[in-house]
A.B. asks: 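Once you've had a glance at the structure underneath, I'll fire off some questions.
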Amino acid sequence: LAKTTQPISMDSYEGQEVNITCSHNNIATNDYITWYQQFPSQGPRFIIQGYKTKVTNEVASLFIPADRKSSTLSLPRVSLSDTAVYYCLVGDGDGNNRLAFGKGNQVVVIP
Amino acid sequence: GAVVSQHPSRVICKSGTSVKIECRSLDFQATTMFWYRQFPKQSLMLMATSNEGSKATYEQGVEKDKFLINHASLTLSTLTVTSAHPEDSSFYICSARSGLAGGVEQYFGPGTRLTVT
C-alpha cells in the first residue's frame, strides 16, 4: 500500500484559510488521492478526491502538482468545528482500493 | 447518499465471549467492504477486505480465525470477534466502496466501540 506523510499537527485561527500538505512519493499511475476528516469516536468523513491538477467542491480544494508526489488540501475560512484529524490517502490501484491510513494531521482551530 | 451504518454503536462483553458487528450500506450496493481497527490516539489500521460472495482477504498479522468476516450480500458485511480478550478492545470501523466507475471513494460507518472486560 502506498504510504503518505503529513505534518503531525497544526494550529490555525478561526476564519483563516488552512492548507494541509501530504507527501506520497510512491503513488502509482492509477492511484487517486483522497482526503478524509475524522472527529473523535466517529468514522472518517470523505472530503475530496482527485487525480491531478485541481479539484474543488463545496467544502475544500485539492491541489495536485504534475508529478503527483504530493498534494495540498485547502480549507477556506475554517471554523472551530473544523478541528479534527485530516488524513490523506492514496488508493493502491489494484481495483479493490485498499487504503493505508497514515498518522494524519491534527488541525486545531483557535478562536 | 452514500450512507454506511454500523450496529451496535458500542458493546461491552466479557472475556472469552464472541461479538458480532454489522456494517450496512443503506443507499448503495457495496461490492467491496473494508474493516478497520483504531486504538486511542492512533490511526486506522486496515484489518481485512471483503468482497460479496467470496472469502475476505486479511492484512498481514490479522488472525482470520479470530476476526470472522462474512459479506453475504451487497449491502451487509459482518465482523465477529471470537473469544474476545481485553486487548481486542478498540474502535472498529467499516467502510464500503460502491464500485461505480470514475471514482474510488470509500464511505465509512460511524464505528463500533468494543470493550472487553
Side-chain angles (χ1 to χ4, degrees), chain A residues 1-9 22 24 27-52 55 57-60 62 71 73 84-108, chain B residues 1-6 9-10 21 23-25 28 30-52 54 56-60 62 71 90-115:
Chain A
L1 299 179
K3 301 290 186 183
T4 60
T5 303
Q6 300 176 243
I8 294 176
S9 65
C22 179
H24 26 80
I27 188 169
T29 302
N30 54 347
D31 283 346
Y32 282 80
I33 300 160
T34 313
W35 284 79
Y36 289 89
Q37 175 193 55
Q38 187 182 30
F39 298 112
S41 296
Q42 294 187 28
R45 184 176 75 98
F46 173 83
I47 301 175
I48 198 167
Q49 183 181 79
Y51 184 80
K52 61 180 180 180
V55 180
N57 61 21
E58 62 275 10
V59 298
L62 177 59
S71 58
L73 175 72
V85 177
Y86 292 82
Y87 293 99
C88 154
L89 298 99
V90 297
D92 67 351
D94 72 355
N96 274 334
N97 199 42
R98 289 155 64 233
L99 298 176
F101 278 79
K103 297 184 186 299
N105 184 328
Q106 172 69 65
V107 173
V108 176
Chain B
V3 178
V4 176
S5 70
Q6 283 185 240
S9 58
R10 59 178 62 239
I21 302 170
C23 176
R24 293 181 186 272
S25 56
F28 67 99
T31 54
T32 306
M33 288 184 169
F34 305 85
W35 287 95
Y36 297 81
R37 181 167 54 180
Q38 186 175 34
F39 293 107
K41 303 292 186 183
Q42 294 188 23
S43 184
L44 285 78
M45 184 191 78
L46 179 64
M47 299 175 66
T49 303
S50 76
N51 292 296
E52 185 263 339
S54 62
T57 302
Y58 291 81
E59 295 298 311
Q60 191 172 7
V62 178
H71 193 158
S90 187
F91 192 51
Y92 291 86
I93 308 170
C94 72
S95 71
R97 176 172 175 252
S98 69
L100 295 176
V104 294
E105 59 262 38
Q106 293 180 26
Y107 299 95
F108 287 79
T112 296
R113 175 75 60 191
L114 170 63
T115 303

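Computed over heavy atoms, backbone and side chain alike; hydrogens, waters and symmetry mates excluded. Per chain, numbering begins at 1; letters A, B, ... match sequence-line order.
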A.B. asks: With only heavy atoms counted, which part of A:Gln38 is less than 4.5 Å from chain B, the side chain, the backbone, both or neither?
C.D. replies: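 Contact with chain B involves the side chain of A:Gln38 alone.
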A.B. asks: Of all heavy-atom pairs between B:Phe108 and A:Pro44, which one has the smallest distance, and what is that distance?
C.D. replies: CB-O, 3.3 Å
A.B. asks: Would you check if B:Gln106 and A:Leu89 make a side-chain contact, meaning some heavy-atom pair closer than 4.5 Å?
C.D. replies: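 The answer is no, as the side chains (C-beta and beyond) never meet within the 4.5 Å cut-off.
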A.B. asks: Under 6.0 Å between ring centres, would you say that holds for A:Tyr87 and B:Tyr36?
C.D. replies: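 A:Tyr87 vs B:Tyr36: aromatic centres not under 6.0 Å.
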A.B. asks: With only heavy atoms counted, which part of B:Gln38 is less than 4.5 Å from chain A, the side chain, the backbone, both or neither?
C.D. replies: side chain
A.B. asks: So for B:Ile93, is it side chain, backbone, both, or neither that comes closer than 4.5 Å to the heavy atoms of chain A?
C.D. replies: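 For B:Ile93, the side chain is the part near chain A, not the backbone.
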A.B. asks: At a heavy-atom distance under 4.5 Å, which candidate from A:Pro40, A:Ser41, A:Gly104 has the highest pair count against chain B?
C.D. replies: A:Ser41
